[in-house]
Amino acid sequence: MRAARAAVTVVFVVHGAVFGTWAARIPAVRADLSLTDGQLGLALLSLALGSFGGLPLAAWTTGRQGSRATARIAIILFAALLPLAALAPGRASLAAALFCFGVAGAAADVAMNAHGLAVEGRYPRAIFSSLHAGWSFGGLAGAAVAGVVARAGVGVDAHFAVAAAVLAVAGVAASARLLPAEVDRPDEPAPLRLPPRRLLPLAALAFCVLFGEAAAHDWSAVYVAGPLGGSEGVAAFTFAAFATTMTAFRLAGDRLTARLGAVTMTRAGGLLAAGGVALPLVVREPAAAVAGFALVGVGLAGIVPILFRTAGSLPGIPPGHGLAALTTVGYGAFVVGPPAVGFLADAIGLGGALWLVVALLATTPALASPRRLPPRP
């Protein structure tokens with residue numbers, strides 16, 4: 001089981017590293033193709049549409065073949081498709097490449113979470129939050145390496161080719177040590193259908209939490225550099241504080257959830273995150289933003305693993321179906337959240353728009369009831 005845990009952790013790290021590598025070089029891809037803001041937005045929309053398309057595919061294959069086969073194929077494809085974005089000669093080919101990239105990434109996301117739950121179910125203690133910490137570490141590592149090679153003047157095509165080769169090999173090696181397909185392959189595959197209504201409250205909770213996470217990703221540095229008048233360095237440090245505390249507290253998330261319970265962790269985390277966003281809105285200083293968004297990372301770190309664990313463990317619902325449904329909502333929050341804050345900011349200012357994030361995060365105590373979340377992992 002230790003080998004299986006290590007293997008699925010590496011799969012999470014690889015997934016995060018592929019995503020971090022791509023995200024950090026988006027400006028270079030844009031420059032290579034001379035894309036306008038609108039053209040880049042359409043290309044990123046193709047990535048989102050591909051992600052949504054990959055979710056039901058992952059639910060179907062995981063429900064029929066088990067999570068091992070889907071995770072193994074999808075994580076290798078996700079890494080291998082990375083160079084296509086650099087090789088695209090134009091806007092249409094970039095959109096097509098990103099659509100395929102999104103399908104593979106979403107399929108790997110669902111399958112690796114389902115396999116993580118299968119490993120946790122056979123492990124002597126909860127480990128699911130630590131797997132998500134692995135994803136965060138991978139994302140930070142991928143972005144850090146991308147920053148180094150970009151400063152060294154390495155082109156996107158060479159960078160993506162080497163990164164894809166390294167990460168695909170890591171995915172092949174790790175996925176070979178996953179648990180056998182029989183651990184979560186059903187005797188009678190369930191048909192693909194709409195998720196039951198009892199998932200809706202959990203989905204609403206996931207939307208509010210991930211809306212807040214998406215806003216922190218895209219608007220924390222912008223708020224510091226804009227309305228608060230902070231330097232670019234302080235703005236970057238604000239996002240770094242958020243990412244670092246989220247990663248660190250995900251490592252401790254399993255123990256904290258076992259001690260406090262899922263309901264208390266979710267309620268307290270949501271309120272802490274709401275307070276963290278509100279702090280720089282009230283105390284309009286860059287230092288308050290650094291502290292506030294660090295608290296957002298602490299508060300949100302343990303909630304997403306709790307929600308994924310719950311969605312993949314509901315009686316009568318195949319793990320892949322429950323995880324795909326919740327992941328769809330999560331991707332929706334990341335697609336809808338940042339532009340919603342932006343449109344609202346045009347009307348009332350960014351400081352006013354971020355109060356919407358505070359309000360959504362503040363709903364978590366009401367949505368996180370004992371009827372919807374397991375008492376302990």
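Because the structure is a prediction, the values reported are computed rather than measured.
Counting heavy atoms from C-beta on, the side chains of F293 and T245 never come closer than 4.5 Å. In this structure, the side chains of M246 and V296 stay at 4.5 Å or more apart for every pair of heavy atoms. Annotation: side chain of V145 is not in contact with side chain of T21 (no heavy-atom distance under 4.5 Å). For the pair L281/Y223, a side-chain contact is recorded, criterion being any heavy-atom separation below 4.5 Å from C-beta on.
To the nearest 0.5 Å, atoms CE (M112) and CG (L178) are separated by 11.5 Å. Rounded to the nearest 0.5 Å, atoms CG (L167) and CD1 (I76) are 12.0 Å apart. A distance of 12.5 Å separates CG in L94 from CZ in R30, rounded to the nearest 0.5 Å.
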When the side chains of residues 351-358 are checked against the rest of the protein, which donor-acceptor pairs come out under 3.5 Å, sequence neighbours left out?
none

Please output the side-chain donor-acceptor pairs of residues 1-15 that fall under 3.5 Å, not counting sequence neighbours, one pair per line with the distance.
from: R5; atom 1: NH2; to: S130; atom 2: OG; distance (Å): 3.2
from: T9; atom 1: OG1; to: R5; atom 2: O; distance (Å): 2.8
from: H15; atom 1: ND1; to: W135; atom 2: NE1; distance (Å): 2.9
from: H15; atom 1: NE2; to: G105; atom 2: O; distance (Å): 2.9

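With R250 contributing its side chain and S129 its backbone, the two residues share no donor-acceptor pair below 3.5 Å. Checking side-chain atoms of R122 against main-chain N and O of A118 turns up a donor-acceptor pair under 3.5 Å. Panel note: side chain T264, backbone G261; no donor-acceptor pair is recorded below 3.5 Å. A donor-acceptor pair under 3.5 Å is formed between the side chain of D254 and the backbone N or O of F128. Within the 3.5 Å criterion, the main-chain N or O of L360 finds a donor-acceptor partner in the side chain of T363.
Checked by atom type, the side-chain pair T238/S220 shows no donor-acceptor distance below 3.5 Å.
Within a 6.0 Å radius of CZ in F249, no more than 12 heavy atoms belonging to other residues, nucleotides or ligands are found.
Ion pairing between a basic and an acidic side chain is recognised when a charged N comes within 4.0 Å of a carboxylate O; R25 and D32 show no such pairing.
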